[in-house]
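Position 1 is the first residue of the sequence; numbering continues from there. Basis for what follows: all heavy atoms, side chains included, without hydrogens, waters or symmetry-related copies.
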Amino acid sequence: MAKLFTDDKTFVDKPTIKPEQQVLKEFAQIGGRNASAKALRKFVADNFGEEGSELKEVELEELNTNPSFLNKVADPLVRAFGHTVNSYWKTLIREQDLSTLCDGCVTSMLKLKYHFVVPGGRFREIYYWDTYFTLEGMLRSGLHDLAKSNIRDLLFLVKNYGFVPNGARLYYLNRSQPPLLTLMVKLYYEHTGDTDFVKEALPLLQREYRYWMDKHSVKVPCPLNRNNSLLLNRYIVDTDQPRPEAYSDDYELAHNVSNTDAGIQATVYADMATGAESGWDFSIRWVRDVNAPEKQILQTIHTRQVVPVELNAILYQIELALAEFGSITRMGSPEDYHCAAMRRRQNMEAIFLDKESGLFFDYLLDENRRSPTFTAASLWPYWSFGADMQSPKTNKAFEYLSRVLANNKGGIPSTLNKSGQQWDWPMAWPPLQYVAMQAALKTQQTQLSVKIAQAFVDSVFCAWYNTGGSIPDVLLQLPNMTDSGHIFEKFNSFQVGKQGGGGEYTVQAGFGWTNGVLLWALDMFGPQLTTPKCPGVSLQMITQPVSSAPAY
């Protein structure tokens, strides 16, 4: 609350450099909660080390510097950019080195066993749903061992805690994130055919699935008979405290809602943590009043009352994958998972599907109706259900999506509402571009999938080029640049080449899931992609790039 740092996450990521009991003793000596900001600043400097100092970079030996999929990319500049991004993996690989801690010193990091990829920027630990999209690129870069290590670290967390936390920090142990671990194992299996690894992982994947069914299930009134209910799942976190990594933000929000009622404050804290569990932290998806002023919009947060489309679409995919794994390994009862998937699909179509538009909408428990708000999550079931969703209503859904893209040249925005939150317009997030492309591909909307891919490539490339990116022997740096190009975590859907903004922290560079989705898109759409068009910028080409990888 003293705001020693601009980002609350900075302090909670710092390890102690003295034994825990000594740190607590010194805190008490300066007055504890009543200490002055000056005393606190000295206390932190004297007792805490650099955030991330428990990690060390790892030399990447298995990287394929000229992966064959890039040969399919027809445009020479896009191909050269793909080689550039492929080389960035080596900057994001970490392993824990807790030997840096003194005897009795402590860290908020959860213990991990293997190498892993960090997203980048302030995100210094492995994160749950990020890893799926990162894997899509890593596997194409030939990083099979690294991909397996990432998955094993997440399985290790399931073994220790019964679920995968939001990220590998103590303060994330009260919540998870979109549960994509089973789909990561499926991805890895599709690339490697490693049946033994599926056998190794399956008991822990089944355990995680039980966690989501036991802790996150909810009964939704059946539209045709309100006396009956349908079983679906939601994000839900049980807490009555601010999130440590966003403590002052949550505290001030809750006290703006009610300065005296601890029960109301606890409700705000739980709904904020639940929004973080969704991965969409934050969005008008989670508020009652979508038209509230920007500075007040989160005061109406009610995330636990929202039954989200994409979580149930993911669990449908998980149920099918667990059925497939059971058949492959001859372990468990695959038919039970298949039946669960079929029941879930029926329930999803009954609760979420708007037959008029062909889109899927969240359900609001406290209002007993579908949300009227379009979100990019509306598309996830089309990826999950696939080709058998082709119908006139499917065409209407993707005609609508085409109009959204026509007005947003930088990609599909999370929602169409401008709220100031980072998961609303005009933010275009890589995982949601991936889902939109997958949804269009699975339903034979091929032309639209290429357009989404081109918009995404344009956004990533132009933002990188506008921040000083260059390619040896191919592309000169723009004049007067002092940086060397950034791959961002999110982009502006309305202004191609501009990074995203909003939210609780400044925009982050790195960036794992952007790299992953970009390389996946180059593999899937390489022959159709064209030279990016960066508004107001002339590309400073050195020469026409050749087909082989540039030298680094």
Side-chain angles (χ1 to χ4, degrees), residues 128-133 136 176-184 186-187 212 216 220 232-235 275 277-281 283-286 303 306-321 341 344-355 357-363 370-371 373-391 393-394 396-398 400-401 404-405 411-416 423-424 427-445 448-449 452-453 456 513 516-517 520-521 524:
Y128 188 4
W129 79 311
D130 296 59
T131 304
Y132 175 88
F133 305 99
E136 278 284 28
S176 187
Q177 264 193 335
L180 295 171
L181 180 55
T182 298
L183 302 187
M184 295 180 209
K186 188 172 189 291
L187 260 187
W212 280 91
H216 290 74
V220 182
L232 289 167
N233 291 75
R234 61 175 166 170
Y235 302 110
E277 181 171 68
S278 77
W280 288 52
D281 42 339
S283 166
I284 53 100
R285 287 183 75 184
W286 314 131
T303 321
V306 181
V307 185
V309 168
E310 82 285 359
L311 175 58
N312 288 279
I314 291 167
L315 286 165
Y316 172 84
Q317 291 171 290
I318 289 171
E319 287 156 350
L320 289 184
R344 183 178 301 277
R345 176 165 178 171
Q346 290 177 343
N347 294 351
M348 288 177 65
E349 293 187 359
I351 299 298
F352 298 136
L353 179 59
D354 174 55
K355 294 181 179 179
S357 67
L359 292 168
F360 291 77
F361 292 90
D362 298 330
Y363 189 85
R370 289 192 196 106
S371 168
T373 302
F374 166 81
T375 80
S378 303
L379 306 169
W380 206 303
Y382 283 106
W383 173 27
S384 300
F385 299 156
D388 59 342
M389 283 296 289
Q390 294 180 62
S391 69
K393 66 174 179 286
T394 302
K396 290 183 70 173
F398 284 97
Y400 181 82
L401 187 64
V404 171
L405 185 62
I412 305 296
S414 306
T415 72
L416 301 182
W423 285 86
D424 288 321
M427 304 311 149
W429 289 82
L432 301 184
Q433 309 314 300
Y434 173 92
V435 171
M437 287 182 265
Q438 284 278 30
L441 280 174
K442 296 292 185 184
T443 52
Q444 308 304 309
Q445 305 283 332
L448 177 58
S449 64
I452 300 169
F456 177 63
W513 66 15
V517 175
W520 173 83
M524 299 300 295

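In this structure, I318 and W212 have side chains that are not in contact, with every pair of non-hydrogen atoms separated by 4.5 Å or more. Between V517 and E136 there is no side-chain heavy-atom pair separated by less than 4.5 Å.
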Check the pair W286, D281 against side chain to side chain contact (heavy atoms under 4.5 Å, CB included), reporting the backbone distance first and the verdict last.
CA-CA 9 Å; W286 314 131; D281 42 339; over 6 Å; no
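Distance check: I452 CD1 to L405 CG gives 6.0 Å after rounding to the nearest 0.5 Å. Rounding to the nearest 0.5 Å gives a distance of 7.5 Å between CH2 of W129 and OG of S278. Distance check: Q444 CD to T394 OG1 gives 11.0 Å after rounding to the nearest 0.5 Å. In this structure, M437 CE and L432 CG are separated by 10.5 Å, a value rounded to the nearest 0.5 Å. Expressed to the nearest 0.5 Å, how far CG of N233 lies from CG of L311 amounts to 5.5 Å. Between Y132 atom OH and L187 atom CG the span is 4.0 Å, to the nearest 0.5 Å.
Of the possible polar contacts, one joining the R370 side chain to the I351 backbone as a donor-acceptor pair under 3.5 Å is found. The backbone N or O of P308 lies less than 3.5 Å from a partner atom in the side chain of N312, making a donor-acceptor pair. Of the possible polar contacts, none joining the Q445 side chain to the L441 backbone as a donor-acceptor pair under 3.5 Å is found. When atom types are taken as modelled, the side chain of Q433 and the backbone of A453 share no donor-acceptor pair closer than 3.5 angstrom. Of the possible polar contacts, none joining the E310 side chain to the W380 backbone as a donor-acceptor pair under 3.5 Å is found. In this structure, S371 contributes its side chain and Y363 its backbone to no donor-acceptor pair below 3.5 Å. For Y128 (side chain) and L180 (main-chain N/O), a donor-acceptor pair under 3.5 Å exists by modelled atom type.
Screening V309, L359, L353 for a side-chain contact (heavy atoms from CB on, under 4.5 Å) with S378, the sole residue that qualifies is L359. Under the ring pair (Phe, Tyr, Trp, His ring centres under 6.0 Å) test applied with W429, the options F133, F456, W423 reduce to a single match, W423.
With W280 as the aromatic partner, R285 meets the cation-pi criteria of under 6.0 angstrom to the ring centre and within 45 degrees of the ring axis.
Remark: aromatic rings of Y434 and W383 are close, center separation under 6.0 Å.
Neither side chain, D424 nor S414, offers a donor N or O lying under 3.5 Å from an acceptor on the other.
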